[in-house]
Amino acid sequence: MRSPRLLFPPLNSDSRMPHTRRIPPLNRSSSPAAARSSSFEASARVVIGEVRASLAALLESVGADATRPQTVSRQFGLNKNLTWKVSKVLGEESPQVAVTHLPGRPGMEILLQTFQQAGAPAERLTSLRSAIAALDQLVRTHAGNRETLAVMLGSFSERTEPLLMQKEEASRKLCYQGNSAIWGALARVQLSSHFVVPSVDPGRLDVAVVSGLIDFRRLRSDVAWPIATMRVGHDDGKGPSPLASRPLDPEVAAGEPPILREFCSQPIIPLRAEDGPAAHTRRFEISEGPVGNTAATTCILGRISPSLVSAWRTEEDRFGEHFTSLITPVETLVFDVFVHASLPLGTPPASEAPTISVYSQLPGVPAYPQGPRDRGLLPISEEIASIASLAQRQISDLPDYERIVERVCRVAGCSIDDFRGYRFRLRYPPMPALAVVRYPLPERSR
């Protein structure tokens, strides 16, 4: 029988350790879509390579040094922004960077005419014109415009490229703004903190979870917003089981949302309770009410699940996983996982350290966790980082965070110094999505 679960979507900070089924890998290379993607990548690299090579040869023919854009600007009377773009196109190997900075038709024509007057050979000018025409054809065939082509090329780039990370965040910010306007709600921070400690039962783990929305605001007075859904049952969905989790605040009655009162806005905003859409669920939501900054509220919930899961790897259960659902427009997600130092979970070498994945939760083809691990995986460049000091543990967006951590540690019977910490911080997280921190479970010691 699998471990009972208590879920809190949309804050939905959930831990499932170990992973409850074997997931077959998806062989993308065998699919027609993968083949088409590979063909596009090969064509794009060839075409963009020809543009860069032709542009470099043209500059060389007139004695222009692309590494010194200001000098080229003065030498040929060109706009400084134009020569800077040319320098970026030739100075970076990334196809996406080249397409992003490549001057448009008017700029390229100015460049060609200027270098023609400077004595550039006709064959160099023709070569660049032909390369640009091939790029335009690539755009028409695969993307429709250069901006879309740059987004498509981003999937072939190193995810840590600064330009790519900036573009991803800019795109997510636009989605955040649009979703806020459409759904009529937003929050400054979504917090999800998980604590894993040894249980009094040998070979078992206790898991505590704190989750919440900081500075939640309605933009329309008729908007109600789900803050927690409690479900009692097993991972396989085969009926209810006794409620394993208990609130971190002992004053919270059974069946009520496990609010951490001292960390919530005062007066505490009342939550409306009703039966959830699925069996054995209870849904809590912020009701309709005032709008804007004067009505902003912070709601923090916390629970601990004693002896929730096994600490050891089995043939079918190989990973520990912590989930948080992303279905609220928020400026910043802070997703922390603290593992007790006595446990061999998420420890070096790097292959054993926690990783982060973000999955689409749009309806349609089953995505993770129902589907394979690479189904619905979203491109996110930000990585999970170790929390090595008190300063790194603090959150400027949430001054009370240290006190929250201390509260959890008191209930769990340990000190924060007993933990190894990991943090995933993401500006304007996509929605609807699921963020998953994952690490290999250790073999049972003999």
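All values derive from a computational prediction rather than experimental measurement. Just so you know, residue 1 is the first one in the sequence shown, and it goes up from there.
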| said: Working note: T141 + Q137, criterion side chain to side chain donor-acceptor pair (under 3.5 Å); need CA distance, chi angles, decisive distance, verdict. | reply: CA-CA 6 Å; T141 301; Q137 182 59 49; 3.0 Å; yes
| query | Just how far is it from atom OH of Y439 to atom OG1 of T355, taken to the nearest 0.5 Å? | reply | 11.0 Å
| Take atom CD in E251; do more than 12 heavy atoms of anything else shown fall under 6.0 Å from it? | no
| query | Does a side-chain heavy-atom distance below 4.5 Å link F216 with W225? | reply | yes
| query | Between I404 and S193, is any pair of side-chain heavy atoms under 4.5 Å apart? | reply | no
| query | Got a sec, which residues hit salt bridge (Lys or Arg N to Asp or Glu O under 4.0 Å) with D215, two or more places apart in sequence or on another chain? | reply | R188
| said: Donor-acceptor pair, distance only, cut-off 3.5 Å: does the side chain of R204 make one with the backbone of A311? | reply: no
| Can you say whether the rings of H194 and H322 are parallel (under 30°), tilted (30 to 60°) or perpendicular (over 60°)? | perpendicular
| Any ring pair (Phe, Tyr, Trp, His ring centres under 6.0 Å) pairs touching residues 167-188, not counting sequence neighbours? | Y176-Y428
| task | Determine, step by step, whether V86 and W84 satisfy the side chain to side chain contact (heavy atoms under 4.5 Å, CB included) criterion, reporting the C-alpha distance in whole Å, the side-chain angles of both residues, the deciding distance to 0.1 Å, and the verdict. | result | CA-CA 5 Å; V86 170; W84 177 83; over 6 Å; no
| query | Considering residues at least two apart in sequence or located in another chain, which fulfil the salt bridge (Lys or Arg N to Asp or Glu O under 4.0 Å) criterion with R410? | reply | none
| Would K173 and E169 pass as an ion pair if we require N to O under 4.0 Å? | no
| task | Kindly say whether T297 contributes a backbone atom to a donor-acceptor pair with the side chain of S265 at under 3.5 angstrom? | result | no
| query | Can you tell which of I304, L301, V405, L260 makes a side-chain contact (heavy atoms from CB on, under 4.5 Å) with V210? | reply | L260
| query | Are the side chain of D400 and the backbone N or O of R403 linked by a donor-acceptor pair below 3.5 Å? | reply | no
| query | Does R313 reach the main-chain N or O of L441 with its side chain, forming a donor-acceptor pair under 3.5 Å? | reply | yes
| task | Any chance you could measure F323, atom CZ, to L434, atom CG, to the nearest 0.5 Å? | result | 6.0 Å
| message | Pair R318, E443 - check salt bridge (charged side-chain N to carboxylate O under 4.0 Å, His left out), show working. | response | CA-CA 9 Å; R318 298 170 290 131; E443 299 284 355; over 6 Å; no
| said: On a heavy-atom basis, which atom in R146 and which in G104 lie closest, and how many Å separate them? | reply: NH1-CA, 4.0 Å
| query | Between P430 and C175, is any pair of side-chain heavy atoms under 4.5 Å apart? | reply | no
| message | Whether the side chain of Q190 engages the backbone of S325 through a donor-acceptor N/O pair (distance < 3.5 Å, no angle test) should be reported. | response | yes
| Does some side-chain heavy atom of L55 sit less than 4.5 Å from a side-chain heavy atom of E50? | no
| request: Would you check, one step at a time, whether the test side chain to side chain contact (heavy atoms under 4.5 Å, CB included) holds for R217 with V291? | output: CA-CA 6 Å; R217 290 170 288 162; V291 303; over 6 Å; no
| query | Is there a side-chain contact between R261 and I268, using heavy atoms and a 4.5 Å cut-off? | reply | yes
| task | Determine the minimum heavy-atom distance between S360 and L362, stating which atoms define it. | result | OG-N, 3.2 Å
| remark: CG of L213 to SG of C264, rounded to nearest 0.5 Å, is 10.5 Å
| task | Give the C-alpha distance, both sets of side-chain angles, the deciding distance and a yes or no for side chain to side chain donor-acceptor pair (under 3.5 Å) between S415 and D418. | result | CA-CA 5 Å; S415 165; D418 297 333; 4.8 Å; no
| message | Treating D201 as the side-chain partner and S307 as the backbone partner, does any N or O pair qualify as donor plus acceptor under 3.5 Å? | response | no
| request: Just do the side chain to side chain contact (heavy atoms under 4.5 Å, CB included) check on I132 and L102 with the steps written out, would you? | output: CA-CA 10 Å; I132 295 297; L102 188 69; 4.0 Å; yes
| task | Taking only Lys NZ, Arg NE, NH1 and NH2, and the carboxylate oxygens of Asp or Glu, determine whether E147 and K167 approach each other closer than 4.0 Å. | result | no
| request: Please check if the side chain of E331 supplies one atom and the backbone of V189 the other of a donor-acceptor pair under 3.5 Å. | output: no
| Flag, side chain of R425 to backbone of A385, donor-acceptor distance under 3.5 Å | no
| Can we say E382 and R172 salt-bridge, meaning some charged N sits less than 4.0 Å from an Asp/Glu carboxylate O? | yes
| said: For F40 and H142, take the angle between the two ring planes, folded into 0 to 90°, and tell me which bin it lands in: parallel under 30, tilted 30 to 60, perpendicular over 60. | reply: tilted
| V330 versus L186: any side-chain heavy-atom pair under 4.5 Å? | no
| Hey, what do you get for CG (L398) to CZ (F263), rounding to the nearest 0.5 Å? | 9.0 Å
| message | A side-chain contact here means heavy atoms from C-beta on lying under 4.5 Å apart; do P258 and L248 qualify? | response | no
| Quick one: are V334 and R423 in side-chain contact, heavy atoms under 4.5 Å? | yes
| note | So CG of L149 and CZ of R140: to nearest 0.5 Å the spacing works out to 12.5 Å
| Is a side-chain donor or acceptor of R52 paired with a backbone partner of V89 at a separation under 3.5 angstrom? | yes
| remark: dist F419:CZ -> F195:CZ (nearest 0.5 Å) comes out at 6.5 Å
